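Only one structure is covered here, and it is reproduced in the block below.
Quantities reported herein were computed from a predicted structural model and do not represent experimental measurements.
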Amino acid sequence: MKIYISEKGQETFRISLPERIVFNSVSATLFPLFINRYLKKGGIKITGKMCRKFVRGFYKTRKDLGGKIDLVDVESKDGTTVKITV
């Protein structure tokens, strides 16, 4: 996962995270333990099984699309750009 933020053509921030750290079966299993506290107010419940299916689907979709997915690509009026690529 790569996050780029640039201001008027000059790169101001860049971070690269291996998506296997964020999107794996262990973190997918643990994610509901933390997020369900906040979702309880809205009556939503996420299970580890749901998250693991999402991770498998994410990697399958990424493979089908050629290995690179642009999640966010935004440019503001003043020229600031935010791009998140997985």
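Residues Val55 and Val26 do not share a hydrophobic cluster, clusters being chains of Ile/Leu/Val/Met/Phe/Trp/Tyr side chains in contact below 4.5 Å. There is no path of hydrophobic side-chain contacts, each under 4.5 Å, that joins Met50 to Val22. Side-chain heavy atoms closer than 4.5 Å link hydrophobic residues (I, L, V, M, F, W, Y) into clusters, and following such links, even through other members, never connects Leu39 to Leu30. Criterion: ILVMFWY side-chain heavy atoms under 4.5 Å apart, direct or through other members. Under it, Met1 and Val74 are part of a common hydrophobic cluster. Both Val86 and Phe13 sit in one connected hydrophobic cluster of ILVMFWY residues. Membership requires side-chain heavy atoms under 4.5 Å apart, directly or through other members.
With rounding to the nearest 0.5 angstrom, the OG1 atom of Thr47 is 7.5 Å from the CZ atom of Arg52. Here the CG atom belonging to Asn24 is positioned 11.5 Å from the SG atom belonging to Cys51, to the nearest 0.5 angstrom. Remark: Thr61 OG1 to Ile69 CD1 distance equals 6.5 Å, nearest 0.5 Å. Summarising the geometry, atom CD1 belonging to Ile44 is positioned 9.5 Å from atom CG belonging to Asn36; distances are rounded to the nearest 0.5 Å. For the atom pair NZ of Lys40 and NZ of Lys45, the computed distance is 8.0 Å after rounding to the nearest 0.5 Å. Here the CD1-CZ distance, from Ile46 to Phe31, works out to 5.5 Å after rounding to the nearest 0.5 Å.
Of all heavy-atom pairs spanning Pro32 and Ala28, the tightest one is CD-O, 3.1 Å.
Under the 3.5 Å distance criterion, the side-chain polar atoms of Glu7 are left unmatched by any main-chain donor or acceptor of Thr80. A distance-only check finds no donor-acceptor pair linking the side chain of Thr85 to the backbone of Lys2 [under 3.5 Å]. Using modelled atom types, one side-chain atom of Thr29 and one backbone atom of Ser25 make a donor-acceptor pair closer than 3.5 Å.
In this structure, Arg20 satisfies the cation-pi test against Tyr59, with its NZ or CZ atom closer than 6.0 Å to the six-membered ring centre and inside 45 degrees of the ring normal.
Take Asp64 and apply the side chain to side chain contact (heavy atoms under 4.5 Å, CB included) test, not counting sequence neighbours, and it matches Lys60.
Taking 4.0 Å as the cut-off between side-chain N and carboxylate O, Glu75 and Lys83 do not count as a salt-bridged pair.
Within the 4.5 Å cutoff, the side chain of Arg62 has no heavy atoms near those of the Lys68 side chain. You'll find the side chain of Tyr4 stays beyond 4.5 Å of the side chain of Ile15, heavy atoms only.
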